[in-house]
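Here's the structure, in structure tokens; my notes come after.
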Amino acid sequence: EIQILFNSETSNLRDEDANKIRNFINNQTDKKNSQFKITSYAKTDKTADISRRLSLDRAINIRSILIKEGVPAKNLIVKSFGDVKNKENKVIIKFEKK
């Protein structure tokens, strides 16, 4: 499992975080037959809809990297929660055996 922290109000990934994701994925021995769960949170001072949209944008950005690194789209589970109490601006990527 890895966590990627985001600055508030943005879905842009820093280069070092994108590399961290690539390294995590490429260290998995069987990425084509493994499931990855992407769970995204976004805290904003705006509406719940805006928080959920930002959270989804973050998850989609990370999903794109995983697909480019050879993970089949059917093996990705994306959950986007927006602003949840006691959660930071982050995305968690978990590796799960099928």
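Here the structure is a predicted model, which is why all the values come from computation and not from measurement.
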Do Val84 and Leu54 share a hydrophobic cluster (ILVMFWY, side-chain heavy atoms under 4.5 Å, transitive)? no
Please tell me whether Asn19 and Arg22 have a donor and an acceptor in their side chains that are separated by less than 3.5 angstrom. yes
Hey, does Ile67 have a side-chain heavy atom less than 4.5 Å from the side chain of Leu76? yes
Across all chains, not counting sequence neighbours, the side-chain hydrogen bond (donor to acceptor under 3.5 Å, both in side chains) partners of Gln28 are none
On a heavy-atom basis, the closest approach of Arg14 and Leu5 is NH2-O, 3.3 Å
On a heavy-atom basis, the closest approach of Ile92 and Gln3 is CG1-CG, 3.8 Å
Flag yes if Leu56 and Ile93 sit in one hydrophobic cluster, no otherwise; membership is Ile, Leu, Val, Met, Phe, Trp, Tyr, and two members link when side-chain heavy atoms are under 4.5 Å apart. no
Honestly curious: do Val91 and Ile50 fall in one hydrophobic cluster under the side-chain, below-4.5 Å linking rule? no
Side chains of Asn75 and Lys32, donor plus acceptor under 3.5 Å: no
Nearest heavy-atom contact between Asn12 and Thr10 is N-OG1, 3.1 Å
Are any non-hydrogen side-chain atoms of Thr39 and Lys94 less than 4.5 angstrom apart? no
Roughly how far, to the nearest 0.5 Å, is NZ of Lys43 from CG of Asn89? 8.0 Å
Report the C-alpha separation of Ile25 and Ile65 in whole Å, then their side-chain angles, then the decisive distance to 0.1 Å, and conclude whether the side chain to side chain contact (heavy atoms under 4.5 Å, CB included) test is met. CA-CA 9 Å; Ile25 293 305; Ile65 292 173; over 6 Å; no
Relative to each other, are the rings of Phe95 and Phe36 parallel, tilted or perpendicular (30° and 60° limits)? tilted
Below 4.0 angstrom, N of the basic side chain to O of the carboxylate: do Asp49 and Arg53 qualify? no
Could you check if a side-chain atom of Leu66 sits within less than 4.5 angstrom of a side-chain atom of Lys31, using non-hydrogen atoms only? no
Donor + acceptor pair across side chains of Ser40, Ser80 (<3.5 Å): no
Please assess Ile4 against Arg58 for the test side chain to side chain contact (heavy atoms under 4.5 Å, CB included), listing each intermediate value before the final yes or no. CA-CA 10 Å; Ile4 305 298; Arg58 290 172 177 173; over 6 Å; no
Take atom CG in Asn26; do more than 12 heavy atoms of anything else shown fall under 6.0 Å from it? yes
Would you compute the distance between atom OG of Ser11 and atom CD1 of Ile60 and round it to the nearest 0.5 angstrom? 9.0 Å
Can you tell me how far the OG1 atom of Thr44 sits from the CZ atom of Arg52, to the nearest 0.5 Å? 10.5 Å
